[in-house]
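Working notes for the structure below.
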Amino acid sequence: MRELDKAYDPHKCEDAIYKNWEDKGYFRGRSDPSKKPYSIVIPPPNITGILHMGHALNNTIQDILIRFNRMKGFEAEWMPGTDHAGIATQNVVEKKLAKDGVKRQDLGRDKFIEEVWKWRQDYGSTIIRQLKKLGCSCDWDRTRFTMDEGLSEAVLEVFVRLYKKGLIYSGNYIINWCPRCQTALSDEESQHKDVDGLLYHIKYPVKDSKEFVVVATTRPETMLGDVAIAVNPKDKRYKELKNKTLLLPILNRELKIIYDPLVDMKFGTGALKVTPAHDPVDFSLGQKYGLEQINVMNEDATINSIGGDYEGMDRLEAREAIITDLKERGLFIKSEAHRHAVGHCYRCHTMVEPRLSPQWFVKMKPLAQPAIAAVNDGRIKFYPERWTKVYLDWMNNIRDWCISRQIWWGHRIPVYYCKDCGEVMVSKVTPGKCSKCGSSNVEQDPDVLDTWFSSWLWPFSTFGWPKETPCLKYFYPTNSLVTAQEIIFFWVARMIMAGMEFMGDIPFKDVYIHGTVRDITGTKMSKSLGNVIDPLDMIKKYGTDALRFSIISITAQGQDVFLSENKFELGRNFANKLWNASRFILMNLKEEDIGVDLCVFFKESELDLSERWILSRLYSTLEDVEKCLGGYKFNEAANIIYEFIWHEFCDWYIEIAKSTISEKRSQVVLYKVLEKTLRMLHPFMPFITEEIWQKLPRSKDAIGDSIMIQPWPHVQKDIISKEAEGEMKCLIDIITAIRNIRSVWNIEPRREMSALINIHDKKDEIFLNKNAGMIKRLSRLSTLSVGKNPKPKNSAASVVGAFEIYVPLEGVIDFDKEKARLKKEEDRISLEIKSIGARLKDKHFTKKAPEDVIEKQKARKADLELQVKKLKDNLKNIG
RNA sequence: GGACACGUGGCUCAGCUGGUUAGAGCGUUGCGUUCACAUCGCAGAGGUCACAGGUUCGAAUCCUGUCGUGUCCACCA
């Protein structure tokens, strides 16, 4: 057997192991009709992305699911890939060019896009390499990119289909405009943030009068585009205004008065300035009353020529200037503090400007219906379940999706305009000439599509759709989607809609939403805040398995994770513990013995208690782990395995087995338990389990040369024995009691000690004598006497269940201290007896509680009473 | 304004559909280097489960309210 290092060194093996898996093609998923498929599509990280803790958590979970199900015998397919991330990527490349003083406009569209492709060539697969470091068993040969030929084809197909169905339309509407990115955003891409602003009260003069109306606004700069003032028809304050005209301050534009119930009388002054080109509410009022739409801003949110003197000023600069001018003219009344939610660009965090502009939209309501049904009738389930409501609330109030973006990087909108007759052509291929007038003066729409317009097709476009490929048929619908809550609306909801619309079927059965990774103060980790813990640093420091295991074990289902670096010690220490236990077993393992079938020992009833116990615990653990994984409770699964390996297998079984380690039986049990435990742990800690497994002798039924393709261990229910577990617990309690006495009385480890156990039942005598060797060894006794033992003089006592344990301590024992010790124990038990007694006396309890609960209480009470009696006896004849 | 989550030992958190003695990791106290592991072992200390009501024979667990923390959604300018 090869020697192992004293401590586990992840860096010595991880890369080689991963390379071997990849070379052997173990990650590959094939459409194999003899097996059932299990598939996951990765949430495609942006090509601009670098691995952060959120990715680490997200992808570790997916890898656990994939590895688990692969071992369970499914044909596992984890489809990887990246997202072109339109705005984000364009921003990154623009920044890079800016370093050389180049603007994208200098390069022109084609050259710029070339630059982006070049950038993607150089940096775009960083994240893929990092996912490999994480141990992800993705089917890399299938890696897709949202701008791949195939996926682009799918995007065009979808656009044309939706257009033909009347679900895509274009028009001049108010959209969220990012003045920095200079593009439209969808409602989801505009993130509301509370901002401390001001509510300005401004006088609007009544024409040919000394009167005026006071209007309250948070954005005075938009007044340059005002066309009316709206008030509530019920508002008595403004009854007089009917048939009068107002004047816009500064510009002196004439303004209509509109009476509409939409206006809230309680807000501000009850008079609303109406700016149809710069506010969604005003826009709808404008439509209703046929008002002019006056756009006063340029694309970068500076004031345009309509703004007169303010032309060229930035919107906030103009705000100040206008307020100053109003003050000068005596038209400014006051400003008051006003906290309100303002939209910000989700990419660059610039304040969004509502802007009137021609855009393309998808009509969402018809698409939402089947997607709502799919969740309502349980075809798709959310874990944790509460996200169902979040999803349904959004879907039931869905608004149309603005899909056009005024950027260059992305899928160009497949719409063509005839410059001569104005014909609009929607087509997957560039039309040579106008279908109506035959002119070849045809131009494509300059805009590109929202990035999510390709992502929402991901679960089927990656498998080849619109072509009906074998793997699309085999792997669709996928099984689980693992993602973070931030992306439910952007991505999850839209994928469900797209799946139902284009595949006629759900894209996945389960949606597992995990929490957000935060730092120890609860703040979301972000580069700009500088509070990130880099997973790659942690891998360097603690190893990949340690990272994976730690983050999984501290993340409860659906709860956010509060991370600090020292948490990774948990995983590292655990890996080291497993390593050393394995090292110990390997050092003692005789290969010729492990081939013996465990069943032989079972048949002959040759296994001793500790062996029956550890096997029982192994299979109980395995059963629990399967249950947890089935319910997406990864932390529980991890903790159950941790507990088993560390506190049962290592702390007890291996210690017990040391005395019999050269015997065949022991060899077989140690080997079997270790080997199966490694398989059970493999989805969580793929590298160390592989490394150890490789050093173990191969069992006859091993398949191939890697642990990752071994079958998941079968739960042998007949080996699970509650009896063995109970008996073992009794022995553990006895040993702990004796150790406790040792510790309390400061008995040096080397000091010879003997103990007596007083029993009252012949059965117990046989049981204890059978296990006396183990008790003696683990509690370091030279002699142990089991039988009708009266308490020796000068001894410490302890009561465990039905037994009294006496440890003679001539010259060491302090009777007062011993008395106090026993008294404390007695008090504790007496208190409990009292409480159970009261419960049992309560007629309501005995009448209504289930039989087994009452029985348990009775048994417990009897047990405790016996213990108290014994403690009392001992207290009586102390010394 | 609406929705959701959380408040458990010094710290970070588990605790499933209510049922015995509320668990873990870190930290902490005492002891320990016998040949798997000091990234370790053994034995401890430490909690009126935010608060107040309610349902129930029985509540950390279910319901209501209060306070505190956080997240998401929202066209009151």
Side-chain angles (χ1 to χ4, degrees), chain A residues 4 6-8 174 191-192 199 215-219 222 230 262-264 266-268 271-275 279-284 338 340-341 354 384 386-387 389-390 393-394 397 485-486 488-489 515-516 518 520 522 524 542 546 553-554 556-564 566-567 569-570 572-588 627-628 631 633 635-636 639 642-643 650-651 654-655 658 736 739-744 746-750 780 828-829 831-832 835-836 839 842-850 852-854 856-857 859-861 864:
Chain A
L4 272 76
K6 205 169 164 185
Y8 173 58
I174 294 267
Q191 298 180 327
H192 292 268
L199 187 64
V215 165
T217 177
T218 53
R219 293 190 299 152
T222 63
L262 194 109
V263 180
D264 183 350
K266 289 188 284 283
F267 188 90
L272 168 72
K273 67 187 223 26
V274 182
T275 324
D279 186 278
V281 177
D282 298 10
F283 176 78
S284 61
H338 180 67
H340 61 152
R386 68 186 137 95
W387 295 109
K389 188 172 149 33
V390 175
D393 284 352
W394 188 77
N397 297 298
Q485 57 191 63
E486 297 99 70
I488 293 178
F489 307 140
T516 307
R518 300 171 184 284
I520 205 73
K524 199 166 159 179
Y542 301 99
S553 77
I554 62 173
Q557 187 184 57
Q559 279 323 114
D560 287 354
V561 202
F562 295 77
L563 212 55
S564 59
N566 64 354
K567 300 232 165 136
E569 288 171 10
L570 173 104
R572 180 201 55 183
N573 295 355
F574 179 51
N576 193 243
K577 186 73 185 177
L578 174 66
W579 179 257
N580 274 290
S582 308
R583 187 160 75 100
F584 174 72
I585 293 170
L586 277 164
M587 273 168 23
N588 291 286
K627 214 194 272 166
C628 290
K633 303 197 166 172
N635 67 318
E636 284 184 41
N639 293 332
Y642 178 95
E643 175 69 22
C650 293
D651 285 355
I654 291 182
E655 288 307 318
K658 277 177 178 173
T736 304
R739 285 172 173 174
N740 179 290
I741 290 173
R742 273 201 107 96
S743 178
V744 168
N746 272 323
I747 312 299
E748 318 84 275
R750 297 189 182 271
R780 292 195 191 132
R828 189 181 64 80
I829 296 174
L831 202 74
E832 202 192 327
S835 112
I836 297 178
R839 203 169 304 152
D842 189 340
K843 271 188 214 126
H844 301 289
F845 175 71
T846 48
K847 237 189 247 167
K848 292 190 181 173
D852 61 311
V853 172
I854 297 172
K856 261 188 187 169
Q857 293 280 307
R860 172 80 184 152
K861 189 170 171 239
L864 292 172

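Below, read A as the first sequence line, B as the second, and so on, with proteins coming before strands; counting in each chain starts at 1. Both backbone and side-chain heavy atoms feed into the values below; hydrogens, waters and symmetry mates do not.
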Please determine, for the side chain of [X], which listed nucleotide ([options]) has the closest atom?
{"X": "A:Arg860", "options": "B:A77, B:U21, B:C37", "value": "B:U21"}
{"X": "A:Arg739", "options": "B:A43, B:A36, B:C37", "value": "B:A43"}
{"X": "A:Phe489", "options": "B:A5, B:C72, B:A77", "value": "B:C72"}
{"X": "A:Lys389", "options": "B:A3, B:G41, B:G19", "value": "B:A3"}
{"X": "A:Ser835", "options": "B:C4, B:U21, B:C6", "value": "B:U21"}
{"X": "A:Pro850", "options": "B:U39, B:A74, B:G19", "value": "B:G19"}
{"X": "A:Gln857", "options": "B:C42, B:U20, B:A74", "value": "B:U20"}
{"X": "A:Ile836", "options": "B:U20, B:C4, B:A77", "value": "B:U20"}
{"X": "A:Phe562", "options": "B:A14, B:C13, B:A77", "value": "B:C13"}
{"X": "A:Asp264", "options": "B:G19, B:C76, B:G41", "value": "B:C76"}

Does a side-chain N or O of [X] approach OP1 or OP2 of [N] to a distance below 4.0 Å, or not?
{"X": "A:His338", "N": "B:C76", "result": "no"}
{"X": "A:Lys633", "N": "B:G15", "result": "no"}
{"X": "A:Thr736", "N": "B:A43", "result": "yes"}

Sugar-phosphate only, base, or nothing, as touched by [X] at under 4.0 Å among non-hydrogen atoms:
{"X": "A:Asp282", "value": "nothing"}
{"X": "A:Asn740", "value": "sugar-phosphate"}
{"X": "A:Ala575", "value": "nothing"}
{"X": "A:Lys856", "value": "nothing"}
{"X": "A:Glu643", "value": "nothing"}

query: With a 4.0 Å cut-off, would you call A:Asp279 and A:Arg219 a salt bridge?
result: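 Salt bridge between A:Asp279 and A:Arg219, a charged N being under 4.0 Å from a carboxylate O: yes.
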
message: Check this for me: does any side-chain nitrogen of one of A:Lys389 and A:Asp393 sit under 4.0 Å from a carboxylate oxygen of the other?
response: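 Counted as a salt bridge, because a side-chain N and a carboxylate O are separated by less than 4.0 Å.
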
query: According to the Watson-Crick and G-U wobble definitions, with both distances under 3.5 Å, which nucleotide is paired to B:C11?
result: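 Paired with B:G25.
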
message: So, under a plain 3.5 Å distance rule, would you say the side chain of A:Lys6 forms a donor-acceptor pair with the base of B:C37?
response: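 No, no donor-acceptor pair under 3.5 Å.
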
- request: Check if the side chain of A:Glu655 and the base of B:A36 share a donor-acceptor pair of N or O atoms closer than 3.5 Å.
  value: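 Yes, the side chain and the base share a sub-3.5 Å donor-acceptor pair.
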
- prompt: Where along nucleotides 25-30 of chain B does protein come under 4.0 Å, by heavy atom, of base (B) or sugar-phosphate alone (S), with - for untouched nucleotides?
  reply: S----B

